[in-house]
Amino acid sequence: MTTSVTFNADELVAEAKEQTGFSDFGELPYREGLEVLLETYDRNIRDPEGRKRCRTRVVTLLATRLKCENAFKTIPEYANEEVVAPIFVTGLPRSGTSALLNLLVAAPENRGLLQWEVQFPDPWPGSAQGEEDPRYPYLAKALEESRDSEFAKIHYIDADTPEECVLLHAYAFTGVQLGFEVMLEPYRSWLLKQDLVPMYAYQKRQMQMLSWRRPGGRWMLKAPAHMWGIDAILEVFPDARFVWCHRDPQKVVPSINSMNRVVMGMYAGDCSHLDEQEIGRAVMEWYAMSLEQGLAMREQLPASRFVDCSQADFVADPMRVVESVYAAFDLPLAAESRAELEAHIRANPQGKHGRHEYDLAAYGLTRDTIAERFAFYTGDSRWPISD
């Protein structure tokens with residue numbers, strides 16, 4: 001198919017350099033991941049507007065990385081920021097990871113990786129510590145105007161919502177990107193072969209810069225994709241702890257497929273030429289593999305590094321789940337924090353932002369298919385997966 005929208009890496013790199021006036025992308029390898037990502041877009045996306053959106057996104061990633069590298073050089077004191085015993089929330093997607101993280105970050109002693117921070121990890125030139133980024137109000141308004149979208153029903157965000165670490169990983173041109181890229185080739189096969197330590201080392205530098213910009217408390221982070229990198233996380237953050245969320249895969253698989261379809265449509269546009277059922281099976285397999293790998297890595301580590309909770313437990317009594325996390329990691333829970341947490345619970349009942357519907361058969365799956373693939377998980381009595 002002939003199209004005027006091209007995905008030539010040299011051209012996109014040149015655009016990012018011209019846009020920023022910078023040329024140093026840093027020492028972390030990025031070029032191979034960039035080229036594979038572009039090939040994936042070029043091979044799979046036909047919609048002209050979708051191609052434009054994905055191309056623009058990559059130029060923005062490159063430009064932001066250039067600005068971040070410049071900031072690392074011009075604000076060397078960021079490296080003095082310590083990241084002490086961060087807590088990573090992970091587990092299958094749609095298992096309550098976002099709701100739990102949002103609640104944990106409501107306590108004043110905790111801090112998350114906020115939506116505005118992952119959009120603008122580069123400090124505004126000349127800004128001082130604690131100052132509001134001048135881009136913040138524009139992002140806040142844009143997100144407010146998109147509040148009634150189908151995506152908002154699946155995954156509510158505003159400028160101050162804690163976000164997934166994968167949005168920082170994207171600037172390293174590794175990780176799961178927007179989520180749908182890992183369901184397509186060649187990016188899927190490429191990523192499965194990668195050493196994730198450099199990606200997490202890059203994340204740590206970003207977190208240090210964010211800590212310098214907005215001094216805060218204990219880092220609380222989250223992404224289902226962390227199941228792929230438990231070992232890499234511990235190499236970069238040796239004192240990291242983990243909260244593992246669980247849910248019945250019969251609920252997870254159709255829900256994450258629905259979310260994948262929405263995100264894919266938002267960015268790639270019309271993808272009717274792709275086999276939706278093939279993608280549906282790829283989604284199930286991706287998360288089954290990540291869960292297998294994460295649990296296998298976990299077997300090699302002390303149980304004291306982990307706390308488990310189910311989505312059902314969180315819905316029934318979110319404060320009790322928080323108390324279990326604090327108790328397991330020997331964290332003090334002050335009266336002020338408890339009050340903030342309880343206020344957040346009251347203000348955010350389940351389903352507050354709407355519900356989305358999904359059809360399992362549309363993704364080429366059956367309950368039996370899911371049950372067979374996840375038997376290694378559902379048949380293990382250690383994991384609280386009841387729904």
Side-chain angles (χ1 to χ4, degrees), residues 33 36 86-97 164-166 168-170 172-203 221-238 240-253 255-257 259-260 279-311 365 369-385:
V36 176
I87 292 176
F88 289 79
V89 178
T90 193
L92 286 173
R94 319 304 297 158
S95 64
T97 54
E164 292 197 0
C165 303
V166 298
L168 280 186
H169 298 168
F173 291 92
T174 321
V176 301
Q177 298 295 319
L178 293 169
F180 71 85
E181 294 88 346
V182 291
M183 308 309 160
L184 304 171
E185 294 293 349
Y187 193 77
R188 180 189 183 98
S189 294
W190 176 81
L191 183 57
L192 288 172
K193 300 175 184 176
Q194 300 311 300
D195 174 8
L196 300 182
V197 171
M199 181 183 78
Y200 281 104
Y202 183 79
Q203 176 178 344
L221 305 152
K222 157 306 223 209
H226 291 319
M227 291 189 294
W228 288 107
I230 303 296
D231 54 350
I233 290 171
L234 290 173
E235 185 163 336
V236 176
F237 305 97
R241 285 84 57 85
F242 302 87
V243 179
W244 206 293
C245 296
H246 300 270
R247 194 180 189 189
D248 184 352
Q250 298 287 356
K251 301 289 181 64
V252 166
V253 172
S255 183
I256 192 60
N257 260 294
M259 185 169 185
N260 184 71
I279 292 174
R281 291 187 289 270
V283 168
M284 181 189 73
E285 184 60 22
W286 179 266
Y287 289 106
M289 288 191 300
S290 66
L291 183 60
E292 285 176 321
Q293 178 152 323
L295 293 177
M297 293 177 187
R298 178 173 172 169
E299 288 286 337
Q300 305 170 36
L301 297 167
S304 58
R305 282 191 182 268
F306 298 88
V307 173
D308 294 285
C309 68
S310 73
Q311 195 264 357
L365 300 169
T369 303
I370 297 171
E372 181 179 354
R373 183 62 184 90
F374 285 89
F376 72 93
Y377 176 56
T378 57
D380 192 328
S381 61
R382 291 176 297 174
W383 315 128
I385 62 171

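What you see is a predicted model; the values in this text were computed from it and never measured.
- Of the possible donor and acceptor atoms, one in the side chain of R188 sits under 3.5 Å from a partner among the backbone N and O of A282.
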Problem - Verdict with supporting geometry, M183 and E285, side-chain contact (heavy atoms from CB on, under 4.5 Å) - result: CA-CA 9 Å; M183 308 309 160; E285 184 60 22; over 6 Å; no

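- Taking each heavy atom of M297 and M227 in turn, the nearest pair found is SD-O, 4.3 Å.
- Every side chain to side chain donor-acceptor pair (under 3.5 Å) that S310 has, sequence neighbours left out, goes to D313.
- Using a 4.5 Å heavy-atom cutoff, the side chains of R241 and I87 are in contact.
- Contact check for I279 versus F180: no side-chain heavy atoms found under the 4.5 Å cut-off.
- Between the side chain of Q194 and the backbone N or O of W190, at least one donor-acceptor pair lies under 3.5 Å.
- Taking CD1 of I233 as the start and SG of C165 as the end, the distance is 7.5 Å to the nearest 0.5 Å.
- The two residues Q311 and G96 have their closest heavy-atom pair at CG-N, 4.0 Å.
- With S255 contributing its side chain and K251 its backbone, the two residues share no donor-acceptor pair below 3.5 Å.
- The closest side-chain heavy-atom distance from E181 to L184 is not below 4.5 Å.
- Exactly one residue among W244, F242, F237, Y200 makes a ring-ring contact (aromatic ring centres under 6.0 Å, His included) with H226. That residue is Y200.
- When the options E292, H246, R382 are evaluated for a side chain to side chain contact (heavy atoms under 4.5 Å, CB included) with Y377, the one that passes is H246.
- In plain terms, the two heavy atoms of V197 and D195 that are nearest each other are N-OD1, 3.0 Å.
- A side-chain donor-acceptor contact under 3.5 Å links N257 to the backbone of V253.
- Side-chain contact between Y287 and I256 is present, with heavy atoms from C-beta onward closer than 4.5 Å.
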